[in-house]
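Input: a single structure, listed below in structure tokens.
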2 protein chains.
Amino acid sequence: MPARTPLDANAILAATEEILRRHGPDKATVVDVARALGVSHAAVYKHFPSKQALREAVTRRWLDRNRDALAVIAADSAVPPVQRLRTWLHAVLAGKQAKIREDPELFAAYGILAAAHSSVATDHVADLLGQLTAIIADGAADGSLRTDDAEATARVVFNATAKFNHLAHAAEWQNPGIGAELDEVYSLLLEGLHAPTSP
Amino acid sequence: MPARTPLDANAILAATEEILRRHGPDKATVVDVARALGVSHAAVYKHFPSKQALREAVTRRWLDRNRDALAVIAADSAVPPVQRLRTWLHAVLAGKQAKIREDPELFAAYGILAAAHSSVATDHVADLLGQLTAIIADGAADGSLRTDDAEATARVVFNATAKFNHLAHAAEWQNPGIGAELDEVYSLLLEGLHAPTSP
DNA sequence: CAAGTTACAAGTTTTGACATCTGTTACCAA
DNA sequence: TTGGTAACAGATGTCAAAACTTGTAACTTG
């Protein structure tokens, strides 16, 4: 009995996301996904070589949605780079906070998947670093930011704000003061600690 | 049959550490600790009110050893505050890296314990922040560091170096470039990103 | 009475038989 | 050939019974 509706990769990903939301990452099975789609689980294996590949694909889709939302901020040349940097750093944090609030189960699921399949996570970090590099290069171009190497500086800024962008700190993002802490780090990064040599 | 050697809290803590090293945090039982000491498990309960209290005590001892080593660096007034800050930040990282290298099992065990009994962890963070505040206050006093509020600035520096001090990032500390990354963050914190207003 | 013991209730973990899941293969239909 | 099925072996997960762990209490000894 062939399928009524043609099964495509996107439908599988959407169903997987729904199963993940309902069952959590540990209890979500390929059989569950297939049942939700009204097919046998072997049909899913025609589109994805393994359960791991399916999970990676679904994680990548989720991270890419986030990346695209951030890209809009990073590329908004109407906003001065210094302010855009601040907005972008806050948006990275706020986007993840929103995911936690909206759907903690799904967020936890993605957290586990992202940690397990590291190429997905490292690719995402590379995407974000690209956006950050663009903002910093814009600042260097208009003279508002000081840097020798926008890419290297982007890495440093990303490392210095790890508490506000790395999934390992998700528990601390519930704290109401977290946004203010990010602002403080942002300010110190901009201005520096060193006393002026000629006051 | 009373004990030959008098059982004291310190002996229990040392035995617990050994059991933790051998069995890991999930499988280490109070009975194991008592057996290693040649007593019944009820004897251990004469010294510690609960298993949780025993675990906290052993974790606290471990963290305090670290704290004391760092305190020597933080209080070394022979070293200029700016340099002392750099040395201290590296020492926080290096101390934990050394623990991982020496005894990964025990480190993982302590990581789990510290995460579970959060008052132990928050107390330790408060200790470290106290040391960092002292360094920054010294810098403010001799004019080498710029700050309105040494305690607030210490918090910001600690947050900005979370990748190099927070246990959640332990896996990344294996990376050989991690020390260089810390140096880059340290440099950016000192100097700032902003272009000088009057060049 | 200080420092330990044995004995035990309540809760938690291990065990081992059973069920489910993953991934593959051989097959079917448009 | 593309898109599906059914049946299967081996790995993994589940569940109830048995074993162990925690924490307490009543007891023993110098």
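For the numbers below, each heavy atom of this structure counts, side chains included, while hydrogens, waters and symmetry mates do not.
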Got a salt bridge between A:Glu191 and B:Arg146, using NZ or NE/NH1/NH2 to carboxylate O under 4.0 Å? no
Would you call the rings of A:His166 and B:His169 parallel, tilted or perpendicular, where under 30° means parallel and over 60° means perpendicular? perpendicular
Roughly how many Å is it from CZ in A:Arg35 to P in C:dT22, rounded to a whole number? 11 Å
Looking at C:dC21, D:dT5, D:dT24, which one has an atom nearest to any side-chain atom of A:Ala42? D:dT5
For DNA chain D, what residues of residues 18-30 of chain B have any heavy atom nearer than 4.0 Å? B:Thr29, B:Val30
Measure from CG on A:Asp8 to C1' on D:dG4 and round the result to the nearest Å. 15 Å
Grab the CG-P distance between A:Asp32 and C:dT20 for me, whole Å please. 12 Å
Could you tell me the separation between the NE2 atom of A:His41 and the P atom of D:dA9, rounded to a whole number of Å? 14 Å
Rounded to whole angstroms, how far apart are CZ on A:Phe48 and C1' on D:dG4? 16 Å
Grab the NZ-C1' distance between B:Lys51 and C:dT13 for me, whole Å please. 11 Å
Parallel, tilted or perpendicular for A:Trp173 and A:Phe107, by the 30°/60° rule? perpendicular
Would you find a donor on one side and an acceptor on the other, under 3.5 Å apart, between the side chain of B:Arg84 and the backbone of B:Ile135? no
Quiz item: A:Lys46 side-chain donor-acceptor pair to D:dG3 base, under 3.5 Å: no
N or O in side chain of A:Ser40 less than 4.0 angstrom from D:dT5 OP1/OP2: yes
Hey, can you tell me if B:Tyr110 and B:Trp62 have their rings parallel, tilted or perpendicular (30° and 60° cut-offs)? parallel
Within the structure shown, what part of the strands sits under 4.0 Å from A:His47 by heavy-atom distance: base, sugar-phosphate, or nothing? sugar-phosphate
Can you check the B:Leu37 CG to C:dA3 P distance for me, whole Å? 16 Å
Note: A:Pro25 and A:Leu20 closest approach over all heavy atoms is CA-CD1, 3.9 Å
Result for 5'-nearest mapping on DNA chain D, choosing between B:Gln52 and A:Ala43, is A:Ala43
Mind checking ring-ring contact (aromatic ring centres under 6.0 Å, His included) for A:His124 and listing every partner two or more places apart, or none if nothing turns up? none
To the nearest angstrom, how far is A:Leu54 atom CG from C:dC21 atom C1'? 14 Å
